[in-house]
Amino acid sequence: QSRDEVLAAEANAWERKSDLCRDSGDKTGELDAMQRLFDTRERRKTIRRRLLSIQERIEYLEKVLFEFQRKQAAKTATTGSTSGTAGARESSSTSKRA
């Protein structure tokens, strides 16, 4: 987020320089400042787009992990209850034989 703030401040500085150059009649300086302003805005937009994409990937992976853990827990619970029942059947069968 601080990178975004730095680029926003840089864009504001180039915009001010452009205004100052325009007011003083320096067409070349104004053009240079405007080009740098547009470049800075483009970099800021690109960074924000990448950040949003990364956040969306994180959310997706968190959902996948949650679903995986939920299925693992359900599978473990089912296997645990089935194993416990089978173990109880074996011990009762063994005790009847004795």
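Because the structure is predicted, anything quoted here is derived from the model rather than measured.
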May I ask you to list the residues sharing a hydrophobic cluster with Met34, side-chain cutoff 4.5 Å, ordered by chain and number?
Trp14, Leu37, Phe38

List in chain and number order the residues that pass side chain to side chain donor-acceptor pair (under 3.5 Å) with Asp32, two or more places apart in sequence or in another chain; answer none if no residue qualifies.
Arg36

Heavy-atom closest pair, residues Asp4 and Arg44:
OD1-NE, 2.7 Å

Donor-acceptor contacts under 3.5 Å from residues 45-52 side chains, at least two apart:
| residue | atom | partner | partner atom | Å |
| --- | --- | --- | --- | --- |
| Thr46 | OG1 | Glu42 | O | 2.9 |

When Ile, Leu, Val, Met, Phe, Trp and Tyr are grouped by side-chain heavy atoms lying under 4.5 Å apart, directly or through other members, which residues fall in the same group as Leu61?
Tyr60, Val64

Contacts of Thr40 that satisfy side chain to side chain donor-acceptor pair (under 3.5 Å) - sequence neighbours left out:
Glu10, Arg43

Sequence neighbours excluded, which residues qualify as side chain to side chain donor-acceptor pair (under 3.5 Å) partners of Asp19?
Arg22

Check which hydrophobic residues are tied to Ile58 through side-chain heavy-atom contacts below 4.5 Å, counting indirect links as well, and list them.
Ile54

Under the salt bridge (charged side-chain N to carboxylate O under 4.0 Å, His left out) test, residues paired with Glu62 that sit two or more places apart
none

What pairs with Arg16 under salt bridge (charged side-chain N to carboxylate O under 4.0 Å, His left out), at least two apart in sequence or on another chain?
none

Holding to side chain to side chain donor-acceptor pair (under 3.5 Å), I want the full list of residues that pass it with Gln69, two or more places apart in sequence or in another chain.
none

Could I get the full list of salt bridge (charged side-chain N to carboxylate O under 4.0 Å, His left out) partners for Asp26, not counting sequence neighbours?
none

Excluding sequence neighbours, so at least two apart, what forms side chain to side chain contact (heavy atoms under 4.5 Å, CB included) with Lys75?
Gln72, Thr79

